[in-house]
A.B. asks: 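Please find one structure pasted underneath; my questions will follow.
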Amino acid sequence: VQLQASGGGLVQAGGSLRLSCAASGRTFGTYVRAWFRQAPGKEREFVAAITWIGGTTKYADSVKGRFTISRDNAKNTVYLQMNSLKPEDTAVYFCAARSSGLNTSTRSYDNWGQGTQVTVSS
């Protein structure tokens, strides 16, 4: 499966952005889609995940109430709506996929897209 992330950019603190992750190719078996992020000098961390069937979601505590993950089955695309952005949200955001389970570990995901840069200015 190929994952293509887009939608990053520069925004002021308090602003919003929506990221998209479109999947193509052999998508069968990729029933969990997730977003991770990696800030300069830091490890990649979990942001949010969603099950393709049922739409169950899971969020990192740092983004709960501000970010919303959703999916469009027809377009095979996952979105990350980011509101009330803070400078500490600045990072490269990656989308990922795995077969099952809302796992938060990077090691459990074997399909990754390229990153999209999100920069939040204060």
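These values consider heavy atoms only, across backbone and side chains, with no hydrogens, waters or symmetry-generated copies. It should be emphasised that the depicted structure is a prediction, and the values quoted were computed from it without experimental measurement.
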A.B. asks: Indicate whether the side chain of Arg33 and that of Asn76 have a donor and an acceptor atom separated by less than 3.5 Å.
C.D. replies: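 The criterion, which ignores hydrogens and geometry beyond distance, is satisfied for Asn76 and Arg33.
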A.B. asks: Could you state the interatomic distance from OG1 (Thr77) to CG (Leu19), rounded to the nearest 0.5 Å?
C.D. replies: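 Spacing of OG1 (Thr77) from CG (Leu19) equals 12.5 Å.
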A.B. asks: Do Arg18 and Tyr79 get their side chains close enough for a donor-acceptor pair, meaning under 3.5 Å?
C.D. replies: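 Side-chain D/A pair, Arg18 to Tyr79: absent.
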A.B. asks: Cluster question for you: counting only ILVMFWY and a side-chain heavy-atom cut-off of under 4.5 Å, with indirect links fine, are Phe67 and Val11 together?
C.D. replies: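 Yes: a chain of side-chain contacts under 4.5 Å links Phe67 to Val11.
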A.B. asks: Under a 4.5 Å side-chain heavy-atom rule over Ile, Leu, Val, Met, Phe, Trp and Tyr, are Val118 and Phe36 clustered together?
C.D. replies: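 No, separate clusters.
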A.B. asks: Short question: side chain of Thr90, backbone of Val120 - any donor-acceptor pair under 3.5 Å?
C.D. replies: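 A pair under 3.5 Å: yes.
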A.B. asks: OH/Tyr31 to CG/Leu102 distance, rounded to the nearest 0.5 angstrom?
C.D. replies: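 Going from OH on Tyr31 over to CG on Leu102, the span is 15.0 Å.
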A.B. asks: Using a 3.5 Å distance criterion without hydrogens, assess whether the side chain of Arg26 forms a donor-acceptor pair with backbone atoms of Val1.
C.D. replies: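 Absent.
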A.B. asks: Please test Trp35 against Phe46 for ring pair (Phe, Tyr, Trp, His ring centres under 6.0 Å), starting from the C-alpha separation and ending with a verdict.
C.D. replies: CA-CA 7 Å; Trp35 288 97; Phe46 171 78; over 10 Å; no
A.B. asks: When you measure from the side chain of Arg71 to the backbone of Trp52, do you find a donor-acceptor pair of N or O atoms at a distance under 3.5 Å?
C.D. replies: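 Judged by distance alone, yes, a pair lies under 3.5 Å.
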A.B. asks: Using only atom types and a distance under 3.5 Å, with no angle test, would you say the side chain of Asp89 pairs donor to acceptor with the backbone of Lys86?
C.D. replies: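 Side chain of Asp89 to backbone of Lys86: a pair is present.
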A.B. asks: For the residue pair Asn83 and Ser16, confirm or rule out a side-chain donor-acceptor distance under 3.5 Å.
C.D. replies: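 Side-chain D/A pair, Asn83 to Ser16: present.
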A.B. asks: I need the Gln81 CD to Arg66 CZ distance, nearest 0.5 Å.
C.D. replies: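 Those atoms lie 12.0 Å apart.
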A.B. asks: Shortest non-hydrogen contact from Thr116 to Ala5?
C.D. replies: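 For Thr116 and Ala5, the tightest heavy-atom pair comes out as CG2-CB, 4.3 Å.
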A.B. asks: Run the numbers on Cys21 and Leu3 for side chain to side chain contact (heavy atoms under 4.5 Å, CB included), then give the verdict.
C.D. replies: CA-CA 6 Å; Cys21 178; Leu3 303 174; 3.9 Å; yes
A.B. asks: Looking only at heavy atoms, what is the nearest atom pair of Ile69 and Tyr59, with distance?
C.D. replies: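 Answer, listing the atom of Ile69 first, then Tyr59: N-OH, 2.9 Å.
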A.B. asks: Taking Leu80 as the starting point, is it possible to reach Val63 by hopping between hydrophobic residues whose side chains are less than 4.5 Å apart?
C.D. replies: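 Linked within one cluster.
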A.B. asks: Do any N or O atoms from the side chain of Thr51 and from the backbone of Thr56 form a donor-acceptor pair under 3.5 angstrom?
C.D. replies: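 Side chain of Thr51 to backbone of Thr56: a pair is present.
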A.B. asks: Any donor and acceptor pair, going by atom type alone, linking the side chain of Ser62 with main-chain N or O of Ala60 inside 3.5 Å?
C.D. replies: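 Not confirmed, Ser62 side chain does not pair with Ala60 backbone.
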A.B. asks: To the closest 0.5 Å, what do you measure between CD (Gln12) and CG (Leu85)?
C.D. replies: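 One gets 11.5 Å once the value is rounded to the nearest 0.5 Å.
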A.B. asks: Answer yes or no on whether Arg44 is positioned over the face of Phe94, meaning its NZ or CZ is under 6.0 Å from the six-membered ring centre and within 45° of the axis.
C.D. replies: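 Verdict for Phe94: a cation-pi partner in Arg44.
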A.B. asks: Quick one, Gln4 with Gln114, criterion side chain to side chain contact (heavy atoms under 4.5 Å, CB included). Give me CA distance, side-chain angles, the key distance, then yes/no.
C.D. replies: CA-CA 7 Å; Gln4 180 73 36; Gln114 93 295 353; 3.1 Å; yes
A.B. asks: Would you find a donor on one side and an acceptor on the other, under 3.5 Å apart, between the side chain of Tyr109 and the backbone of Asn103?
C.D. replies: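 Confirmed, Tyr109 side chain pairs with Asn103 backbone.
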A.B. asks: Please report the closest heavy-atom contact between Gly8 and Leu17, naming both atoms and the distance.
C.D. replies: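 Result for this residue pair: C-CD1, 4.5 Å.
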A.B. asks: Val92 and Gly115: which non-hydrogen atoms are nearest, and at how many Å?
C.D. replies: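 Shortest heavy-atom separation between Val92 and Gly115 comes out as CG1-CA, 3.5 Å.
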A.B. asks: Looking only at heavy atoms, which two atoms of Thr119 and Gln117 are closest? And how far apart?
C.D. replies: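 Heavy-atom minimum between the residues: OG1-NE2, 3.3 Å.
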A.B. asks: Rounded at 0.5 Å granularity, tell me how far CE in Met82 sits from CZ in Arg37.
C.D. replies: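 Between atom CE of Met82 and atom CZ of Arg37 there are 9.0 Å.
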A.B. asks: Testing the basics here: between Ser122 and Ala13, what is the closest heavy-atom pair and its distance to 0.1 Å?
C.D. replies: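 Of all heavy-atom pairs spanning Ser122 and Ala13, the closest is CA-CB, 4.3 Å.
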